[in-house]
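Here's the structure we're looking at; comments come further down.
It should be emphasised that the depicted structure is a prediction, and the values quoted were computed from it without experimental measurement. Numbered from 1 within each chain, the chains take letters A, B, ... in sequence-line order. No hydrogens, no waters, no symmetry mates; every other heavy atom, side chains included, goes into these values.
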Number of protein chains: 2
Amino acid sequence: MDEILPRQTEPAPQKGTVTQRAIEQIKAMIAEGRLEPGARLPTERELAVQLGISRSSMREAIRALTVLGVLEARHGSGIYVTQLEAGDLLETFGVVADLSRGPQLVELLEVRRILESTATALAAARITPGELAEVEKHLAAMHATDDPEEILAHDLAFHRAIVAAAGNDTMAAILEGLSSRTFRARVWRGYQEEGAFARTRREHAAIHRALVAHDPEAARAAAAAHVGEVEEWLRTQLSQ
Amino acid sequence: MDEILPRQTEPAPQKGTVTQRAIEQIKAMIAEGRLEPGARLPTERELAVQLGISRSSMREAIRALTVLGVLEARHGSGIYVTQLEAGDLLETFGVVADLSRGPQLVELLEVRRILESTATALAAARITPGELAEVEKHLAAMHATDDPEEILAHDLAFHRAIVAAAGNDTMAAILEGLSSRTFRARVWRGYQEEGAFARTRREHAAIHRALVAHDPEAARAAAAAHVGEVEEWLRTQLSQ
DNA sequence: TTGAGCGTAGTGGTCGGACCACTGAGCTGA
DNA sequence: TCAGCTCAGTGGTCCGACCACTACGCTCAA
């Protein structure tokens, strides 16, 4: 049996709960490279013995790291380190958008406006014909139906395709969280109920034109205006 | 005893683990407003009974929501919903920076460059004399010592004070995660070892000048260049 | 030889109960 | 009046048992 525990001069650091300590130790193992992405951890029972805690506490630590997207537990198989890619680690970002309210929603939209306008500008400079076709597919599908649910889905996919073309997966993962389904459903619903469909259509068309022209500055302005419109609407809603 | 459980037409939805289901149900209670920020939850034992699961599983669910910054457990007192502010929910963002590596670090720096340059521009337009004094305090302290640790601490505080002046707490919380202590220690160390102190000093001075002049565009450019320098250095490091 | 099917050991998932450590409110008594 | 104590209640930890599922190897017929 290999000893994974680091040597301790002090036998009892005793800071925080044992579970919290276990979380930190596993995180440290990964950060220090002792556990590579995709690697399989020892069993829960073994890990508990190695860190000197009960299996219950170890399970809580593992569960915590699981929701953070660091570990992945496969029933009957074992516990594995995720690939630690942007998508894995930023999945929890959606929780923020889901539980924020009031002024915080405006702040989130402001962050989204900043990131999405830049991402759209980057996309305008780099987008390939294939990626552009994907964008146009969702743009067309959005106009071909009047089912709000379907429109929302294609609206999401439209922006997602653009952001993907920007080439920064981390930024894409953050924007994915900021545009989580429940978040957009909450804000967009009220916005669109005020007959903003036509305006949204015009703004999407402007973004599309900028992409076709490979004009980053126009794309940035169009995307910023698009998000800014919603942002402003939400701001007035809250001040009433 | 009040019944908190929603009425279920189907007695057994049975998707995912019971713990995962418990996490979703508690999140839903908060999202729907049945649990206000700061509210005290029923005891672990009570919650377990209400959701029809064991206390062990319920504890795992609570632990998960605790690390996400949604709940807060106080030993001997009870479990409470946090204030759900940006700082609470985005604390986990630091984990991303801590566990990312290679190309992903460059992507994170790119996101930071975008957000921080905008934040600095906003700060230039809004900063008050008091806030400016705070910025200058750390700028001076950074030059008054040659202890790398202390320099790094004041460097962090310098940027934190500027971002705080921008007035968007959500953006500040994200940037806080992107500049987490371990992250900067990892990247900055190698950067500064190449004698970049003088350059860093010039760049900080440029940012400061733009703040004093209340010139947003100059501030944006200076901050973007500042982060961009490190970004470019890291990029070349990785390509070797 | 080969491959489909069947065990089976081992893994994470769940449960129940016991006890410990800490908090906070109420009681006691100077 | 209030400092100090008491104690019921709460989260923290541990244990042991069993269930659900997976992966691998074995068997046996084609």
Completion exercise
Counting primed atoms, P, OP1 and OP2 as sugar-phosphate and everything else as base, the B/S/- map of nucleotides 10-20 of chain D against protein heavy atoms under 4.0 Å is BBBBBB-BB-B
Exercise for the section: Report the residues that fulfil side-chain contact (heavy atoms from CB on, under 4.5 Å) with B:Pro37, sequence neighbours left out, ordered by chain and then residue number. Expected result: A:Arg101, B:Gln83, B:Leu84
Completion exercise
Residue set satisfying side-chain contact (heavy atoms from CB on, under 4.5 Å) with A:Arg235, at least two apart, ordered chain then number -> A:Val106, A:Glu231, A:Glu232
Exercise for the section: Apply side-chain hydrogen bond (donor to acceptor under 3.5 Å, both in side chains) to B:Thr17 and list each qualifying residue two or more places apart in sequence or on a separate chain. Expected result: none
Exercise for the section: Please list all pairs passing the salt bridge (Lys or Arg N to Asp or Glu O under 4.0 Å) test where one or both residues lie in residues 154-165 of chain B, with sequence neighbours left out. Expected result: B:Asp155-B:Arg184, B:Arg160-B:Glu176
Fill in the blank from the handout: Between CG of B:Leu51 and P of C:dC15 the distance, given in whole Å, is 11 Å
Could you go through residues 64-73 of chain A and list every donor-acceptor pair under 3.5 Å that involves a side-chain atom there, pairing it with any protein atom two or more places apart or in another chain?
unit_1: A:Thr66; atom_1: OG1; unit_2: A:Ile62; atom_2: O; d: 2.7

